[in-house]
Amino acid sequence: MGRAFLSHSSKDKILVEAVARKLGNKYCVYDTFTFEEGQKNLDEIKKGLEDTDLFVIFLSNDSLKSEWVKEELEIAYNKLQKKEISKIYPIIIDENVDYEDERIPEYLKIYNLQKITKSERIKKIILRLLKEIGWEKSDFLKQKNTFFCGRNDLVEKLETDYHDFQKKINCFVASGFSLIGRKSLMKYTLEKLNLLSKAHTPSIIKFRDNESIEDFIKKLFDLGIVDFSIENFDFFNETQEIKIDKLISIIEKFQKIKEIIFIDDFGGIILPNGDVVDWFKIAIQKLENSQFIFGISSKFNIKKTYLYDRIGTVQVKLLDKNDRKKMFATLLNIEQINDLSNEYKEEICELFKGYPEQIRYTVELIKENPRGSYDFFSDIVDYNMTNAAKIFNDFSEDEKNIIILIAYLEIVEKNLLYEIVDDNKLLNDILNRPHLQNIFEYSGLSDYINVSENLQDFIIRSNFKILDEYNERLNKSLDDFKKELETSNNYLEIDHTIIDLIVTQNFNKNSQLKIALPSHYLKTIIKLYKVKKNYKQVIIISKKFFETENNFDEYLVKEIRKYMCLALAREKDASVIQETEKIKNEADKFFIKGLYYRQIGKYK
């Protein structure tokens, strides 16, 4: 990013110096920073302009009378004509000067002249312009800084909410883990909706669970973007209604200049029970202007979203495996790293747990290390372990025990979970706590549940143990399944090698659940296929299983693949042809293909 030349009258020094100090010497040419005292002359000004991409002129009654400012502007305009600088940007900072002032040159009046007297807002505008100029010069910088990958369904959900005629959306809430990309998702959506420039970075407020409306008003004031006073406002004695009216009047000032504010919410706005705090709900509901204003990243999900017609909501999960690979490949392409083997890239992708920043971090590590090196792989793993530990350590002991159990079971039917936990009230309570909804993933009309991959990886790598009482009930469930295997007609088609493995517990695995887990998968898939005839769910659970198929016995892998292919055939899914090629048994392969062709009406 380049630098901005700040042209002003010395009589406007207080405001301009505040802007300059916020920008810093790196991003601006300002006389106090750049010129020695008493040394500002024409040559020094020309020299300063040589190191400039953007010329900012602060228009006031004093600057319009200043010969120095006129000289600087003339030099800058000549440089603009010669394309030696990229842009001139005028800002009116004087209440006594307006757009029609005859002293303002006509070529400046083509710009959208605004009166701005807040240093923070001016700083943000200058940084946005410098960023845009930098991107015009470097496609690499633009791609790197505007790149967004995946989560198309969530973007579409927010877009749909925003365009819904029955709603007047002025606020988004994206819930999920920290560092999962909630703000990036909202920013990208707002850019698509043309509500936000790609180069603009919204101001961010951090709002905690012990803060209320008084703190929120103060934080908006501290942003320094719009003019309002709180000096004589009695926060202690005014009624809540008056405070809400004060907040509304402040928000309207932000809306007037189309300023969007992001909020990192830690339970002060979206409460732990899933409700929206009353004062915020009332304020956004009473806003007459529907101009978008807030993007909230929350650790809690909103319950009963239908109650809030001003809020668009999404629950942000970890990037799925396809989006991780796509993001990794795109970033490698942007960085022009094209000398890695596919096998090496696959090994790296296996270490990703769904954090966008983990993937960006990995690309930086690849740039710093010799090609083909494995030295930094532990750093990639540590990224997830560190973040997952922060999430996990926030849970209560009861919550941790349930999460550990589900993590080892991978995908568990709720009925089995209730059987193991044997405390319906506790389990119901935990499964419905809003702050846990971001770590649980449901499928099959919410009949099946698993834990997000980042936490599952952390729990298994950390070698957490399942409660003894849960283990005992798991073993009982396994014993019951053994008896079913030996007596029920439902399992006649299963390869007898698998039955022997489960019955004799002859699994060569270290995990305490490597015996129970395969039987659980098999039982679930057979029940879905034969009893419930829920073929879509068979496919989903099988694909989840195949993400870690190397952890399990080859006979189990073979049997689950067979059921997945049968389900694909029943669903008339053409990918069954490719999947059946992985089946070694020719009779099974022939039968499944025949079933598929019969399903689609192709008998020859």
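Only heavy atoms go into these numbers, but all of them, side chains included; no hydrogens, no water, no symmetry mates.
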message: Between Y470 and D422, is there a side-chain heavy-atom distance shorter than 4.5 Å?
response: no

- prompt: Do N428 and Y418 have side-chain heavy atoms sitting under 4.5 Å apart?
  reply: yes

task: Please answer whether the main-chain N or O of F440 pairs with a side-chain N or O of K317 as donor and acceptor at a distance below 3.5 Å.
output: yes

message: Counting neighbours of CZ on F147 that are heavy atoms of other residues, nucleotides or ligands and sit closer than 6.0 Å, is the number greater than 12?
response: yes

query: V316 and S175: side-chain contact (heavy atoms from CB on, under 4.5 Å), yes or no, with the steps?
result: CA-CA 6 Å; V316 185; S175 61; over 6 Å; no

query: Can you check whether S212's main-chain N or O pairs, donor with acceptor, with D215's side chain at less than 3.5 Å?
result: yes

statement: Interatomic distance, CD1@I404 vs CG@L467, rounded to 0.5 Å, equals 7.5 Å

- prompt: Which heavy-atom pair separates R473 from E419 by the least distance, and what is that distance?
  reply: CD-O, 3.5 Å

query: Has the side chain of N454 got a donor or acceptor atom that lies under 3.5 Å from a matching backbone atom of N384?
result: no

message: If you define the side chain from C-beta out and look only at heavy atoms, does anything of R182 sit under 4.5 Å from V314?
response: no

field: Side-chain heavy atoms of K589 within contact of K593, under 4.5 Å
entry: yes

field: Nearest heavy atoms of L455 and A388, plus distance in Å
entry: CD2-O, 3.7 Å

message: Would you call the rings of F294 and F280 parallel, tilted or perpendicular, taking 30° and 60° as the class edges?
response: tilted

field: F376 side, atom CZ; T362 side, atom OG1 - distance, nearest 0.5 Å
entry: 7.0 Å

query: Do the side chain of E350 and the main chain of E347 share a donor and acceptor less than 3.5 angstrom apart?
result: no

- prompt: In terms of side-chain heavy atoms, does Y361 have a donor or acceptor partner in D379 at a distance below 3.5 Å?
  reply: no

- request: Answer whether the closest heavy-atom distance between the side chains of K321 and E453 falls below 4.5 Å.
  value: yes

- prompt: Does Y188 reach the main-chain N or O of C149 with its side chain, forming a donor-acceptor pair under 3.5 Å?
  reply: no

field: Point-to-point distance, once rounded to the nearest 0.5 Å, from CD1 of I402 to CG of L417
entry: 6.0 Å

Working for salt bridge (Lys or Arg N to Asp or Glu O under 4.0 Å), residues K326 and D323: CA-CA 5 Å; K326 182 180 176 182; D323 281 342; 5.5 Å; no

- request: Mind listing the closest non-hydrogen atom pair of V576 and C565 along with its distance?
  value: CG2-O, 3.4 Å

message: F216 vs E211, test: side-chain contact (heavy atoms from CB on, under 4.5 Å). Steps then yes/no.
response: CA-CA 8 Å; F216 194 72; E211 296 179 306; over 6 Å; no

query: Is the closest basic N to carboxylate O distance between K167 and D161 below 4.0 Å?
result: yes

task: Would you check, one step at a time, whether the test side-chain hydrogen bond (donor to acceptor under 3.5 Å, both in side chains) holds for N534 with Y529?
output: CA-CA 6 Å; N534 189 339; Y529 185 84; over 6 Å; no

query: Applying the side-chain contact (heavy atoms from CB on, under 4.5 Å) test to K390, which of D394, N393, T386 qualifies?
result: T386

query: Once you round to the nearest 0.5 Å, how far does NZ of K183 lie from OG of S178?
result: 8.5 Å

message: Donor-acceptor check, side chain of D164 to backbone of T160, threshold 3.5 angstrom: yes or no?
response: no

message: Quick check against the 3.5 Å criterion: does Y408 have a side-chain atom that pairs as donor or acceptor with the backbone of F464?
response: yes

- request: Write out all pairs satisfying salt bridge (Lys or Arg N to Asp or Glu O under 4.0 Å) with one or both partners inside residues 564-573, taking only residues at least two apart or from two chains.
  value: K536-E571

Heavy atoms of other groups near K367 NZ, more than 12 under 6.0 Å: yes

query: With under 30° as parallel and over 60° as perpendicular, where do the rings of F395 and F392 fit, or are they tilted in between?
result: perpendicular

- prompt: Considering all heavy atoms of both residues, which atom of Y535 and which atom of A567 are nearest to each other, and what is their separation?
  reply: O-CB, 3.6 Å

- prompt: When rounded to the nearest 0.5 angstrom, what is the spacing between CG in D275 and CD1 in I270?
  reply: 9.5 Å

field: Rounded distance [0.5 Å steps], OG in S452 versus CD1 in I439
entry: 6.0 Å

- prompt: Just by distance, do the side chain of R371 and the backbone of I366 share a donor-acceptor pair under 3.5 Å?
  reply: yes

field: Within-4.5 Å side-chain heavy-atom neighbours: S542 and I525
entry: yes

- prompt: Take atom CG in D153; do more than 12 heavy atoms of anything else shown fall under 6.0 Å from it?
  reply: yes

field: Flag for E357-N387: side-chain donor and acceptor within less than 3.5 Å
entry: no

- prompt: Can a salt bridge be assigned to the pair E581 and R561 using a cut-off of 4.0 Å between side-chain N and carboxylate O?
  reply: no

task: Ignoring hydrogens and angles, tell me if any N or O in the side chain of E579 forms a donor-acceptor pair with the backbone of M564 under 3.5 Å.
output: no

task: Could you give me the CA-CA distance, side-chain angles and deciding distance for I261 and I205, then say whether side-chain contact (heavy atoms from CB on, under 4.5 Å) is met?
output: CA-CA 7 Å; I261 300 161; I205 289 174; 3.9 Å; yes

field: F352 six-ring centre to R324 NZ/CZ under 6.0 Å and within 45° of normal
entry: no

field: Audit row: F172, L190, side-chain contact (heavy atoms from CB on, under 4.5 Å) steps and yes/no
entry: CA-CA 10 Å; F172 286 158; L190 292 168; 3.8 Å; yes

query: Which atoms form the tightest heavy-atom contact between G267 and P272, and what is the distance?
result: O-CD, 4.1 Å

- prompt: Any idea how Y383 and Y355 line up, ring-wise: parallel (<30°), tilted (30 to 60°), or perpendicular (>60°)?
  reply: perpendicular

message: For K465 and N463, which I'm curious about, is there any donor-acceptor pair between the side chains at under 3.5 Å?
response: yes

field: Any side-chain heavy-atom pair of I204 and I263 under 4.5 Å
entry: no

- prompt: Closest heavy-atom contact between C349 and K325?
  reply: SG-CG, 3.8 Å

task: For the pair K157 (side chain) and T313 (backbone), establish whether a donor and an acceptor sit closer than 3.5 Å, ignoring hydrogens and angles.
output: yes

- prompt: Side-chain contact, heavy-atom cut-off 4.5 Å: F262 with K187?
  reply: yes

